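A short write-up of the structure that comes next.
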Amino acid sequence: MITIYKTKNYEELSRKTADIISAQLILKPHSVLGLATGSSPIGTYKELVRRCSEGTIDFSKVSTVNLDEYRGISGDNDQSYRYFMNTNLFDHVNIDKTKTNVPDGMATDSDAECERYDSVVSSMNGVDIQLLGIGHDGHIGFNEPCETFPKGTHVVKLTETTIKANSRLFASVDDVPREALTMGIGTIMAAKCLVLIASGKDKAEIVKKAFFGEVTPLIPASILQFHKNAILVADEDALSECNI
Ligand code: F6R
């Protein structure tokens, strides 16, 4: 069952998503938050930082798990997702960083790291809210379109579309890592609540396919239609191809 919040623009989308996360933290201070990187959640993180600094919300008892990390770059590299999380959120709120988890992209044995990451997630008694963005090809985390929905955390080869989309954040397309570690669809679907945020006209076509089309691993985000508590927060542009 999907609840849809339509917002005027990205700013309102970010406030609405911060409202949902703030409500969760107020109701349950020991919440486990599943977090995402990319452009979509930046406004939400800014708003959470603002609310934390004014004392409306408290991260001191919160634990987090991130969806994914590039393979082959370390957490202090400014292109890593660990670095993104530190600079956009963790460094600015009262969170205990030892309770924040991002897959280790530098692990020599990536398969063992994936197994370790799955046990970290399952030791947490469930992720309360998992935040998600959506790729133009429908990927969530780094689960790219494929034949079956992958279950646990695994290593993926990034598609050319994703490499190209992510190259905007790198000096050149050749600098974009070709592989990543990502939670699987099974890990993501195990969260108690999923919140997917989508903004902009360029996301309109995939939002329509994912939320109003067939559920298929060829559009990984379409699996959200089968979650019992999924929320789509999208602005008018991202919903412009849907009749709502
Ligand atoms: C990032 C992630 C990706 C992004 C997706 C959309 O942790 O999991 O699935 O959410 O690529 O990225 P943006 O928000 O930059 O459009």
Side-chain angles (χ1 to χ4, degrees), residues 7 9-11 13-14 17 33-46 64-71 73 75 77 79-90 100-105 114 117 121 127 129-146 149-150 153-170 176-189 191 194-207 209-211 217 219-224 230-235 237-239:
T7 68
N9 51 33
Y10 180 73
E11 288 66 38
L13 171 151
S14 301
T17 312
L33 298 180
L35 300 174
T37 60
S39 308
S40 308
I42 289 179
T44 302
Y45 295 152
K46 267 201 190 118
T64 67
V65 281
N66 260 78
L67 284 169
D68 44 17
E69 179 60 282
Y70 287 120
R71 185 173 183 202
I73 55 179
N77 183 315
Q79 300 294 355
S80 73
Y81 286 176
R82 160 55 76 181
Y83 187 93
F84 175 101
M85 288 312 304
N86 287 346
T87 50
N88 283 286
L89 184 66
F90 301 151
T100 66
N101 297 278
V102 181
D104 179 4
C114 292
Y117 203 69
V121 178
V127 172
I129 288 188
Q130 175 66 59
L131 196 57
L132 299 166
I134 184 169
H136 295 107
D137 57 3
H139 71 242
I140 48 175
F142 270 123
N143 294 280
E144 302 281 10
C146 63
F149 291 111
T153 304
H154 58 289
V155 178
V156 282
K157 287 201 188 320
L158 306 191
T159 62
E160 283 309 314
T161 322
T162 300
I163 292 168
K164 209 168 141 214
N166 291 8
S167 67
R168 71 191 193 278
L169 306 165
F170 289 79
V176 185
R178 266 39 188 175
E179 290 185 335
L181 281 67
T182 182
M183 277 186 191
I185 296 292
T187 331
I188 293 171
M189 286 292 280
L194 300 178
V195 178
L196 188 143
I197 51 184
S199 169
K201 275 242 187 300
D202 59 311
K203 295 285 172 80
E205 198 185 329
I206 193 63
V207 165
K209 283 187 185 158
F211 290 93
I219 302 177
S222 64
I223 193 74
L224 268 71
I231 299 173
L232 168 64
V233 190
D235 61 17
D237 282 345
L239 286 170

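Please read these numbers as outputs of a predicted model, since none were measured by experiment. Just so you know, ligand 1 is whichever comes first in the structure, and atom 1 is the first atom listed for that ligand. One is the number of the first residue; the rest follow in order along the sequence.
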Closest contact, heavy atoms only, Ala198 versus Ile134: CB-CG2, 4.1 Å
Atom 5 (C) of ligand 1 [closest protein heavy-atom partner, distance rounded to 0.1 Å]: His139 NE2, 3.4 Å
Within-shell test, Lys203 vs ligand 1, heavy atom, strictly < 4.0 Å: yes
Set of residues satisfying ring-ring contact (aromatic ring centres under 6.0 Å, His included) with respect to Tyr70, sequence neighbours excluded: Tyr81, Phe142, Phe170
Non-hydrogen side-chain atoms of Ile42 and Tyr10 separated by less than 4.5 Å: yes
Backbone of Met183 reached by a side-chain donor or acceptor of Asn143 within 3.5 Å: yes
Geometric N/O contact Asn166 with ligand 1, under 3.5 angstrom: no
Part of Leu132 with heavy atoms under 4.0 Å of ligand 1, whether side chain, backbone, both or neither: neither
Rounded distance [0.5 Å steps], CG in Asp104 versus CZ in Arg71: 11.0 Å
Heavy atom of the protein closest to atom 1 (C) of ligand 1 (residue, atom name, distance): Thr37 OG1, 3.1 Å
Which of the ligand 1 atoms, numbered from 1, are nearer than 4.0 Å to a heavy atom of Asp68: 1 (C), 2 (C), 7 (O), 8 (O)
Glu69 side chain vs Arg82 backbone, donor-acceptor pair below 3.5 Å: yes
Test of proximity, Gly135 against ligand 1: N or O pairs below 3.5 Å: no
Rounded distance (nearest 0.5 Å) linking atom CD1 of Ile223 with atom CD1 of Ile185: 7.0 Å
Atoms in ligand 1 with a heavy atom of Arg168 nearer than 4.0 Å: 15 (O)
Side chain, backbone, both or neither: the part of Glu144 lying under 4.0 Å from ligand 1 by heavy atom: neither
Closest protein heavy atom to atom 6 (C) of ligand 1, given as residue, atom name and distance to 0.1 Å: Ile134 O, 3.4 Å
side-chain contact (heavy atoms from CB on, under 4.5 Å) evaluation trace for Asp68 with Thr37: CA-CA 8 Å; Asp68 44 17; Thr37 60; 4.2 Å; yes
Distance from atom 14 (O) of ligand 1 to nearest protein heavy atom, with residue and atom: Ser40 OG, 2.5 Å
Atom indices of ligand 1, in the order listed, that fall short of 4.0 Å to a heavy atom of Gly141: 2 (C), 3 (C), 8 (O), 9 (O)
Atoms of ligand 1, numbered as shown, that sit under 4.0 Å from any heavy atom of Leu67: 8 (O)
Numbered atoms and elements of ligand 1 in range of Gly133, under 4.0 angstrom, heavy atoms: 10 (O)
Pair Glu205 + Lys209: basic N to acidic O under 4.0 Å: yes
